[in-house]
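First, the structure itself, so that you have it in front of you.
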2 protein chains.
Amino acid sequence: MSSHTPINRKVTLNDIAAGCELSRATVSLVLRGSPLVNKHTRARVEEELRLQGYVYNRSAANLRRRTSSSIALVLNDLANPFFAEFAAGVDQTLGEAGFVTLLGCTSESATREQAVLSSLLEHGPGGIILSPAEHSNAHDVLAAVGARSPLLLFNRELGGTLPEFAHWDQLMLDNQHGARLATEHLIARGHQRIAFFGGHRDSSSCSQRHAGYVQAMQAARLPIEPHWRIECAPTRLEAAHQTSALFAGTPTPTAAVCYNDAVALGLMLGLNQRGLRPGQDFALTGFDDIAEAALGMPPLTTLSTAPRERGQQAAKLILQRLQEPQADSRQTIAPVQLVVRESSCAPPTA
Amino acid sequence: MSSHTPINRKVTLNDIAAGCELSRATVSLVLRGSPLVNKHTRARVEEELRLQGYVYNRSAANLRRRTSSSIALVLNDLANPFFAEFAAGVDQTLGEAGFVTLLGCTSESATREQAVLSSLLEHGPGGIILSPAEHSNAHDVLAAVGARSPLLLFNRELGGTLPEFAHWDQLMLDNQHGARLATEHLIARGHQRIAFFGGHRDSSSCSQRHAGYVQAMQAARLPIEPHWRIECAPTRLEAAHQTSALFAGTPTPTAAVCYNDAVALGLMLGLNQRGLRPGQDFALTGFDDIAEAALGMPPLTTLSTAPRERGQQAAKLILQRLQEPQADSRQTIAPVQLVVRESSCAPPTA
DNA sequence: AGTTACATTTAGATCGTTCTAATCCGGCAG
DNA sequence: CTGCCGGATTAGAACGATCTAAATGTAACT
């Protein structure tokens, strides 16, 4: 065993000070690289730190300084690759800024969200990045975090009215514009009967995407049939099950703008089961550009949201907010990019 | 604005004590549900806590009690769905036990791993769950964390010899057994010429899986040709590129046990490009059971590792270790399960 | 020598909690 | 009246850092 391995208790500033016959204060100055301290003593102290295997106790420092070096990251679904990439981006940027990420997953439960938030708050994060659970509302979140903690909402808006005095920041995807791009792309390919498939009507992202779809259809003076809007949970399985609903009424659509990639991949399965070849007999688009999108059969036309970059952006935004707590709240809308692949074919030349 | 919203500074035990004309100590007892305190005063204090919007400062408490309520989770690649699921499982179980997760991503860089570990340690986690970066070694990890912090290694072993006095726990997948199951399954389907495809020879998980493959082949008295082992990075793209190597020598294999799902999916692409239909003209298996495996064309026979359950298990193991720091170190090997799908067809009846 | 200036070091309070060892008080036995 | 018990409360020192204000030492300038 190497001689510097600490045997028993944690070694503190006092131990180092004693070892050098100096005061705590001086050692503390050394740790923080103060120019006040004599370079000879600095060297002595640094040697001792190494020798005793000192590790800085940031909690103690934060307590005294009334600062924080952590950010809470609360996600509705970490298992979703989109949020996993996002989290990786957040952690990377926070880490570079010397902050640490306190993770919390809510599994889409507003109840758990409350519990997770208050548990994380007890550890005194400097700020919070929150991607809300499905039926989370502004009132409860406010009760849990108070109006004092900097909060950045990501991806979804909160239900209920959010009080004006809590100036929370927002980082949202440009859902409406993205869906409009997808729809316009299908129209440019020659489609006239286009459905909007998947998602729940009361989710903010879904209604925004639907709005973009409507916008594009109206701009092209194309009709929208009510039975061309199919709701379903945003999972592959549900989407596959709802496929038949697409063809229940007439006129039948020749293409669909899907709520997201998961839904689109599910729809592909459903189409195959009906003997329709996606990307040949029927066109469709997704949203998110998850890894599987590029590998589908056929590869999926979708909107790239660059989740890792969003994570980095979210981290930067919350760090900025820490710098200027009083600044006006920011509403950021991140652009999305259309990625054209083979699933968005022209309509069959009937 | 509701009247209880705190206006200015953080409210502390002192504020509550003053509000009730009691001492800090009594309030502290109330917080921790001590039976010592009179039930009437308890009610008064709880009212005041609610009124002032008190939030517990766990860092301060941890400082005084010399305890910790956090666990560091250090991952080589959070963007990988396998690890994302794992992280979700860890966080869930830790949360239920009142612990919080300190996240750190290393992006497969041993250098970043060092930085991340020492940064996290400054926040005084009670223990560490580490899925090491690719070329991480025991010596460096020891230097960063010391021998005192409970550490659980997940998924990969560390390079170098790990010192016997640092009793670190391990949670590994049963790679060897899994690969053996896959190989036996192919043999049972009638294959005799089976290759082992993908992965790097120096990765511990790869060599374990290869060993399982060899075991099954030898048990069935089947020959193994040297040119049936193809190495490549565990990504889809690399795997697709290496497909031709499989058919370079004679006799050519009729099936392949792939290092993992990513490699298997890449191989499918490569087979398609050569005009071979995976699951009909050539059989293959994967490892991990990622979400895409079930949706491939054809669906992939693979080994399910239940990453979320592994995360829960890892959390339980590290919490157990916190209870009994002196107990002998545990080496846990998690079972894997063969999931048979269509990619593992019988050989063509030539 | 006395004063000032500067560089370096430090004693001691402090952050918000917990813990130890009292203290206080009403009742009850002797 | 005294002593003791037990329930309820508390003063004050921790925990490991930082910060303020002051102390120390040394050199330079009147």
In whole angstrom, what separates A:Y54's OH from D:dG16's C1'?
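Value for this atom pair: 8 Å.
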Non-neighbouring partners of A:S70 that pass side-chain hydrogen bond (donor to acceptor under 3.5 Å, both in side chains), sequence neighbours left out
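If we apply the side-chain hydrogen bond (donor to acceptor under 3.5 Å, both in side chains) test to A:S70, skipping adjacent residues, there are no hits.
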Taking every non-hydrogen atom, the tightest pair across B:V37 and B:V30
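Shortest heavy-atom contact: CG2-CG2, 3.9 Å.
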Which part of the nucleic acid does B:L22 contact within heavy-atom distance under 4.0 Å: base, sugar-phosphate only, or nothing?
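Sugar-phosphate, no base atom in range.
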Rounded to whole Å, how long is the line connecting atom CG of B:L13 with atom C1' of D:dG12?
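Those two atoms, CG and C1', are 15 Å apart.
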What is the distance, rounded to the nearest whole Å, between atom CZ of B:R66 and atom P of D:dA14?
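The distance from CZ of B:R66 to P of D:dA14 comes to 12 Å, rounded to the nearest Å.
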Starting at CG of A:L63 and ending at C1' of D:dT18, how long is that distance when rounded to a whole Å?
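Computing the A:L63:CG to D:dT18:C1' distance gives 10 Å.
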Length of the line joining A:K10:NZ and D:dC15:C1', which is rounded to integer Å
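Value for this atom pair: 11 Å.
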Would you say A:R32 places a side-chain N or O within less than 4.0 Å of OP1 or OP2 belonging to D:dC19?
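Checking D:dC19 against A:R32, a side-chain N or O does come within under 4.0 Å of OP1 or OP2.
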Please identify the 5'-most and 3'-most nucleotides of DNA chain C with any atom under 4.0 angstrom from a heavy atom of chain B.
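Endpoints of the contacted stretch of DNA chain C: C:dG16 to C:dC19.
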Can you classify the ring geometry of B:F154 versus B:F83 as parallel (below 30°), tilted (30 to 60°) or perpendicular (above 60°)?
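Rings of B:F154 and B:F83: perpendicular, over 60°.
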Sugar-phosphate only, base, or nothing, as touched by A:S59 at under 4.0 Å among non-hydrogen atoms:
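Nothing, no heavy atom under 4.0 Å.
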Just N and O in the side chain of A:R65: are any of them under 4.0 Å from OP1 or OP2 of D:dC19?
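Yes, within the criterion.
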Heavy atoms only, 4.0 Å cut-off, all strands: where does A:T12 land among base, sugar-phosphate and nothing?
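If one applies the 4.0 Å heavy-atom cut-off, A:T12 turns out to touch the sugar-phosphate alone, with no base involved.
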Polar side-chain atom of B:R58 near backbone of A:S119 as donor-acceptor pair, under 3.5 Å
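Side chain of B:R58 to backbone of A:S119, a donor-acceptor pair under 3.5 Å: no, none is there.
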Going by atom types only, do A:S329 and A:D169 share a side-chain donor-acceptor pair under 3.5 Å?
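No, no side-chain donor-acceptor pair sits under 3.5 Å.
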Is A:A25 touching bases, backbone alone, or none of the nucleic acid, heavy atoms closer than 4.0 Å?
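Answer is base: heavy atoms of A:A25 come under 4.0 Å of a base.
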Where is the tightest heavy-atom contact between A:A87 and A:L78, given as atom of each residue plus distance?
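Of all heavy-atom pairs spanning A:A87 and A:L78, the closest is CB-CD1, 4.1 Å.
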What residues form a ring pair (Phe, Tyr, Trp, His ring centres under 6.0 Å) with B:F99, not counting sequence neighbours?
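In terms of ring pair (Phe, Tyr, Trp, His ring centres under 6.0 Å), with neighbours along the sequence ignored, B:F99 is linked to no residue.
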Interatomic distance, A:L29 CG vs D:dT18 P [rounded to whole Å]
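A:L29 atom CG is separated from D:dT18 atom P by 9 Å.
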For A:D15 and D:dC15, give me the distance from atom CG to atom C1', rounded to whole Å.
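Taking atom C1' of D:dC15 as the reference, CG of A:D15 is at 13 Å.
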For B:R24 and D:dA11, what is the distance between atoms CZ and P respectively, to the nearest whole Å?
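The answer, rounded to whole Å, is 9 Å.
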